Amino acid sequence: MRKKLLINLAMVLVIPGFLFTVSCAKKTIRADTSLTQQAEDEAAEKAKQEELARQQGIEEQRIQEEAELKAAAQNMFLNEDVFFEFDSAVLLAEAQVILKKKAEWLTNNPDVTATIEGNCDERGTNEYNLALGNQRAVSAKTFLTDLGISGSRLTCISYGEERPVDPAHNEEAWAKNRRCHFTIN
Amino acid sequence: MKKYYIKTICLIIILSFVVGTGICRGGYDYIDITHPFLRKIPIAIPVFKKIYSGDVAERLSKTASDLLSETLEFTGYFKILDRKAFLVDMGTVTSLANANFHNWTSIGAELLVTGGVLIEGNQVEMELRLYDTFKEKLLVGKRYKGLIKDQRKIVRRFCSEIVFILTGDKGFFNSEIAFVSKSSGNKEIYICEFDGYNPRRVTHTKSITLSPAWSSDGKWLAYTSYAKGKPDLYLEHLSQKRGAVISKKGINITPAWVPNKFALAATLSFSGDPEIYLLTGTGKVINRLTNNRGIDLSPTWSPDGKRMAFVSKRSGTPQIYIKNIASGAVGRLTFQGRYNTQPSWSPKGDKVAYAGMGNGQNNIFLIGIDGQGTIQLTHDQGDNEAPSWSPDGSLIVFSSTREGPSRIYVMTAYGTDQRRLLTLLGEQTEPDWSPRMGNN
């Protein structure tokens with residue numbers, strides 16, 4: 001009986017100690033859990049940031065690519081000349097393809113006004129070429145207005161044979177010089 | 001321009017001291033300028049005799065006689081005989097009056113010009129005579145007095161006398177030539193005297209400037225310039241600072257003054273199509289002269305101003321047409337070739353000079369205004385363009401690439417004696433010969 005009492009006493013003393021220990025242990029565990037959570041949160045946040053950065057990168061790239069495309073389209077508008085046959089202001093099939101692209105660009109860029117420069121090769125006489133250059137620019141303008149571009153956005157100017165791209169005196173050079181060139185005002 | 005000639009008249013006192021008797025002024029049987037196969041008249045021009053010795057007189061007698069030779073040779077009428085072949089040393093001849101004509105006929109000279117030079121301070125007195133050596137007759141003699149620096153004017157005046165006595169026309173010795181030169185790096189208008197002497201720049205547009213055109217009184221010059229960024233027409237009084245600009249939408253090009261009127265024809269494209277309009281000298285549109293879809297341009301007037309030749313593409317290729325202004329009737333002039341442009345109506349009114357393209361090259365042609373008698377004047381020597389007549393109709397100035405870069409050349413109206421007029425830095429193009437200036 002006495003022994004039982006002693007055990008009980010010991011139990012009373014020890015158990016709370018255990019309890020204490022347990023509680024202590026539990027506390028430690030709890031502290032561990034909160035640390036893990038923090039790390040997880042940080043990782044998530046990092047991932048989120050990374051994802052954001054990635055998305056931002058994609059967006060930036062998209063914008064850049066768009067800008068590049070836009071610049072390429074503008075360059076094409078500016079650099080792709082329309083060519084003609086000797087003593088002719090008639091638009092060839094190739095010229096019409098190029099002009100359709102130009103019309104599209106002008107439609108996508110409604111604020112732009114442009115100048116069409118009509119040029120000739122050196123073989124004709126220069127007064128006549130001033131008139132022919134004018135006819136070439138007017139041909140291109142009429143084609144574009146027929147595609148719905150407002151005529152008020154397009155100015156024609158003739159340089160006749162005064163501004164050759166290629167100053168050589170051969171068919172290759174002449175073919176390059178019989179052209180309409182576009183500039184943005 | 002006017003001022004210049006008034007000055008000339010003040011400086012040079014002309015004393016017409018002898019005109020040989022029996023000269024039939026209406027005859028002009030020496031040079032028939034209507035004959036297509038000219039024979040050059042052999043002419044002897046010994047060095048002028050200096051009345052008193054001295055360095056200035058020595059130099060001037062040589063330069064003035066050389067200048068007279070060159071100026072007469074320029075006309076294409078004469079064969080200047082080599083002085084080395086002369087049998088007479090004019091320095092030893094005591095009197096200019098008693099020339100021994102046999103000494104000249106025996107070397108083949110049909111004409112003889114003698115001269116005497118007297119220097120007093122900065123003044124020169126020149127006595128010049130033209131003889132017919134076979135008829136042993138004085139044809140014309142003149143005494144001129146002026147400043148030494150005016151010797152060129154004196155020589156030219158006597159050349160004019162010589163040509164008048166031989167052809168019945170005073171020639172072109174007081175005319176000038178306007179042209180385009182790229183000497184400055186840009187195309188600008190320049191003017192030189194008829195023989196290429198004294199070229200000077202008259203525009204400073206720093207842009208493309210083209211197509212100079214003289215008014216028939218020689219006081220106005222019209223031209224096209226990109227000075228404001230596009231081809232506009234400028235009408236400019238040469239000695240007074242006034243003028244007008246025609247700056248309509250599109251091209252404003254190819255001016256041609258109406259003879260004896262303060263009006264001009266020019267090509268304007270404000271309607272959308274290049275058409276020829278009649279304009280006042282102040283640049284206002286009077287009326288439209290062509291009405292045809294497609295290119296119409298490059299007007300040139302008949303000397304009476306009643307008809308206008310121009311270029312039109314109405315038949316599919318650029319060809320020359322003539323419009324009668326009063327009746328409005330238009331007829332096609334050129335049928336040969338597929339590219340005929342740059343018409344220039346002759347001062348006598350019977351022909352039109354133009355540039356025609358064949359085998360990819362431009363050459364100068366003449367055609368009668370009845371469409372008959374087409375003649376090609378230049379052959380196989382590069383591109384030959386922009387013909388313009390001397391005021392007497394004896395010579396044609398044009399541009400050619402025969403020696404590489406485009407230069408200004410002169411030939412007779414028969415295509416003979418083709419020579420370069422002048423060489424400046426850069427290309428020279430689009431010459432336009434002025435009318436006779438002043439009252440000479």
Side-chain angles (χ1 to χ4, degrees), chain A residues 84-90 113-146 151-164 167-175 177-178 180-181 183 185, chain B residues 180 182 186-187 207-211 224 226 229-231 249-256 266-269 272-276 293-299 310-313 316-318 338-343 354-357 360-362 382-387 399 401 404 406 429-430:
Chain A
F84 296 86
E85 290 184 312
F86 175 70
D87 188 24
S88 170
V90 173
T113 59
T115 297
I116 310 172
E117 301 174 353
N119 293 274
C120 304
D121 71 33
E122 63 176 0
R123 280 179 301 167
T125 48
N126 67 350
E127 302 91 344
Y128 179 81
N129 277 340
L130 283 173
L132 181 61
N134 182 73
Q135 299 300 82
R136 285 177 176 164
V138 169
S139 278
K141 178 177 173 173
T142 305
F143 189 85
L144 292 173
T145 52
D146 287 349
S152 62
R153 295 173 62 194
L154 302 166
T155 310
C156 291
I157 184 166
S158 172
Y159 286 109
E161 60 179 83
E162 305 299 328
R163 276 190 172 183
H169 312 289
N170 54 51
E171 180 48 57
E172 201 188 327
W174 296 330
N177 294 334
R178 294 189 297 264
C180 274
H181 180 69
T183 59
N185 298 344
Chain B
V180 173
K182 220 176 169 181
N186 293 115
K187 286 192 171 181
S207 66
I208 306 163
T209 303
L210 305 163
S211 309
T224 300
Y226 283 70
K230 64 188 248 323
K249 195 183 82 151
I251 52 173
N252 302 269
I253 60 168
T254 67
T267 305
L268 312 176
S269 75
D273 203 40
E275 300 283 357
I276 300 170
R293 187 106 193 99
I295 295 170
D296 291 301
L297 84 167
S298 297
F310 62 101
V311 173
S312 178
K313 208 184 179 180
T317 58
R338 295 181 53 77
Y339 197 107
N340 297 311
T341 60
Q342 300 181 319
Y354 63 95
M357 196 191 283
Q361 282 194 319
N362 278 298
D383 271 306
N384 299 275
E385 299 180 3
S399 69
T401 59
S406 181
T429 50
E430 292 192 279

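Chain naming here is simple, since letters A, B, ... match the order of the sequence lines and numbering starts at 1 in each. Here the structure is a predicted model, which is why all the values come from computation and not from measurement.
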Select one option (side chain, backbone, both, neither) describing which atoms of A/Phe86 are under 4.5 Å from chain B's heavy atoms. side chain
Where does the angle between the aromatic ring planes of A/Tyr128 and B/Tyr339 fall among parallel (under 30°), tilted (30 to 60°) and perpendicular (over 60°)? perpendicular
Do A/Thr125 and B/Glu430 touch side chain to side chain, with heavy atoms closer than 4.5 Å? no
Nearest heavy-atom contact between B/Gly229 and A/Ile157 is O-CD1, 2.9 Å
Which value, rounded to the nearest 0.5 Å, describes the distance between A/Arg123 atom CZ and B/Met357 atom CE? 6.5 Å
Of all of B/Pro318, B/Pro231, B/Gly272, which one pairs up most often with chain A through heavy atoms under 4.5 Å apart? B/Pro318
So which of B/Val311, B/Thr254, B/Ile208 has the largest heavy-atom pair count under 4.5 angstrom toward chain A? B/Ile208
If I measure from the heavy atoms of chain A, does B/Leu210 come under 4.5 Å with its side chain, its backbone, both, or neither? side chain
Identify the heavy atoms of A/Ala131 and B/Ile251 that sit nearest to each other, and give their distance. CA-CD1, 3.6 Å
Hey, could you give me the OG1/CG distance between B/Thr267 and A/Asn134, rounded to the nearest 0.5 Å? 10.5 Å
What's the shortest heavy-atom distance between A/Glu127 and B/Ile253, and which atoms? O-CD1, 3.8 Å
Does a side-chain heavy-atom distance below 4.5 Å link A/Gln135 with B/Asp273? yes
Select one option (side chain, backbone, both, neither) describing which atoms of A/Leu130 are under 4.5 Å from chain B's heavy atoms. both
Taking atom CD as the centre, does A/Glu171 end up with more than 12 heavy-atom neighbours from other residues, nucleotides or ligands that are less than 6.0 angstrom away? yes
Value for CG (A/Asp87) from CD1 (B/Ile295), rounded to nearest 0.5 Å, stands at 7.0 Å
B/Lys313 portion near chain A, given a 4.5 angstrom heavy-atom threshold: side chain
Going by heavy atoms in the side chains, are B/Lys230 and A/Thr155 under 4.5 Å from each other? no
Would you mind checking which part of B/Ser211 comes under 4.5 Å of any heavy atom in chain A, side chain (CB onward), backbone (N, CA, C, O), both or neither? side chain
